[in-house]
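The next block holds one structure in the form of structure tokens; read it before the comments.
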Amino acid sequence: ATQPGYQALDCGTVVEYVAARPQLAKHVGRPDTKNSWQVREVGDGNLNFVYVVEGPAGSLCVKQAPPFVRVVGESWPLTQDRVRIEAAALEAEAAHCPQHVPALYWFDPRMCIIAMQYLAPPHIIVRKGLIEGRLYPRLASHLASFLAATLFHTSLLALPSDEFRANIGRFTNVEMCRLTEQVVFTDPYYPSEHNRHTSPQLNADVAALRADVAARVAAAKLKAKFTQQHQALIHGDLHTGSIMATEDSTYVIDPEFAYYGPMAFDVGKILANLLLMFFACDGHATDAEPRMQQRRWLLDATKEVWEGFSRRFCELWHQHGARGDAYAAVLFGGGAEQGEEALAQAQRQFMQELWRDAVGFLGAVVIRRLVGIAHVADMDSIPDDDVRAVCERRALRFGRKALVEAAQVGGVEQLLQLAEAVR
Ligand code: ADP
Ligand code: SR1
Ligand code: MG
Ligand code: MG
Ligand code: MG
């Protein structure tokens with residue numbers, strides 16, 4: 001149901017909205033200058049409307065959630081409570097990793113609006129930058145820090161169980177999770193009306209996927225994990241379209257899917273999106289720019305995100321694990337008999353399990369972006385259907401292998417070898 005009091009903004013009314021609220025207007029300009037303000041709707045995501053308001057004092061980003069899925073329209077209703085979740089998640093993430101999260105200025109539950117720091121050019125969406133052929137020298141290190149900080153500090157490794165349980169309740173995000181359960185783990189495996197794929201080139205591949213019992217079972221098991229494992233406050237939609245960056249700085253935006261879920265979902269999703277661009281490189285290569293350097297960089301970045309994340313996460317655990325109830329300090333703390341050895345063993349097992357689940361989620365995410373409702377511009381922007389289909393088929397085969405054989409992919413080097421070898 002539409003939030004009572006909700007009214008959809010447009011480029012005209014957003015000026016009135018901002019000018020009437022001093023906490024917002026101060027970022028843009030005095031209300032009596034409002035006629036000179038510039039407004040653009042820049043939303044390029046699947047769900048929401050995003051306005052940039054610029055005036056003599058600066059700029060502001062205003063995001064409004066309609067009561068439906070934007071790319072589909074009113075026929076697909078969607079909870080507007082996603083704005084409350086996004087506001088709370090931005091604050092929670094900023095508490096642990098402020099350097100990689102835009103500052104939240106405003107949350108209006110009635111109008112389903114948040115306002116936040118405008119990430120000015122040269123910041124652009126990383127997916128767009130990658131399609132243009134850019135490399136981001138600090139991206140992997142920044143993402144590793146973001147993942148380690150947000151996932152560790154919101155988990156039972158860092159929190160007492162009463163605080164942890166209260167957080168799970170606050171971030172219950174039923175409808176958004178159900179959307180993910182449907183479009184990531186179910187729809188790609190049967191002829192759902194929302195699916196699409198490059199046709200006729202991939203028709204046989206898609207038919208094979210739908211007949212693939214092992215893939216169906218693996219996806220269902222991961223859906224259960226996604227639904228049942230309340231491990232940490234995860235972003236829930238951490239793809240390259242949810243990251244704005246320059247060569248030096250990185251911001252993670254759009255946490256409206258945040259909830260207490262498996263850490264491996266965030267890790268797997270971002271690795272999947274880096275590798276989707278790797279598979280798309282062939283379709284963007286030209287004689288003048290064969291994209292060999294970018295291909296190499298995408299593989300290196302995938303490795304660096306995983307290795308940086310796992311190293312930093314374990315460091316945080318070592319330094320700040322004492323307050324968390326998961327591994328009691330009396331058993332795993334520095335003062336405990338064999339405490340160091342127990343902690344080292346616990347960390348090894350934890351990371352092995354996280355890696356295996358991340359590979360599985362990665363596989364499911366790659367597959368859904370090729371044959372589900374929401375594709376990636378990395379592939380969609382390859383104009384020639386035949387060229388695109390070759391890239392997509394390789395990615396699909398890789399995704400299927402990761403999904404079904406996750407337990408056999410022992411480490412990140414092996415995952416990258418699979419990506420390079422798949423035909
Ligand atoms: P959706 O939830 O619909 O995916 P996003 O939050 O991803 O919406 O935002 C859509 C687009 O709006 C982004 O791709 C980006 O171009 C722009 N955008 C979002 N937040 C900001 C921001 N804080 N600063 C600058 N641009 C932003
Ligand atoms: C209707 S599915 C829309 C998709 O866009 C979001 O960014 C999420 O990835 C979601 O699955
Ligand atoms: Mg988005
Ligand atoms: Mg979004
Ligand atoms: Mg995805």
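Note that the structure is predicted; figures quoted are calculated from it, not measured. Both ligands and their constituent atoms are indexed starting at 1 by order of listing.
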| request: Any chance you could lay out the side chain to side chain donor-acceptor pair (under 3.5 Å) test for Ser249 and His123, step after step, and finish with the verdict? | output: CA-CA 8 Å; Ser249 69; His123 288 95; 2.6 Å; yes

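Protein residues having at least one heavy atom under 4.0 Å from any atom of ligand 1 are Val42, Asp44, Gly45, Asn46, Leu47, Asn48, Val50, Cys61, Lys63, Met116, Gln117, Tyr118, Leu119, Ile125, Met244, Ile253, Asp254, Glu256, listed by chain and number.
Using a cut-off of 4.0 Å between Lys/Arg side-chain N and Asp/Glu carboxylate O, Asp378 and Arg127 are scored as salt-bridged. Ion pairing of Glu16 with Lys34 is present here, as a side-chain N (NZ or NE/NH1/NH2) and a carboxylate O approach within less than 4.0 Å. Salt-bridge annotation for Glu247 and Arg134: absent, with no side-chain N of the basic residue lying under 4.0 Å from a carboxylate O of the acidic one.
Within Glu256, the N, O or S atom lying nearest to the Mg ion (ligand 4) carries the name OE2.
Under 2.8 Å from the Mg ion (ligand 4) lies an N/O/S atom of Asp254, whether from backbone or side chain. At a cut-off of 2.8 Å, Asp44 is not counted among the residues with an N, O or S atom near the Mg ion (ligand 3).
Within the model, atoms CZ of Arg368 and OG1 of Thr180 stand 7.0 Å from one another, a figure rounded to the nearest 0.5 Å.
Counting non-hydrogen atoms of other residues, nucleotides and ligands closer than 6.0 Å to CD of Gln38 gives a total of 12 or fewer.
Taking the centre and axis of the six-membered ring of Phe49, the NZ or CZ atom of Arg70 falls inside the cone set by 45° and 6.0 Å.
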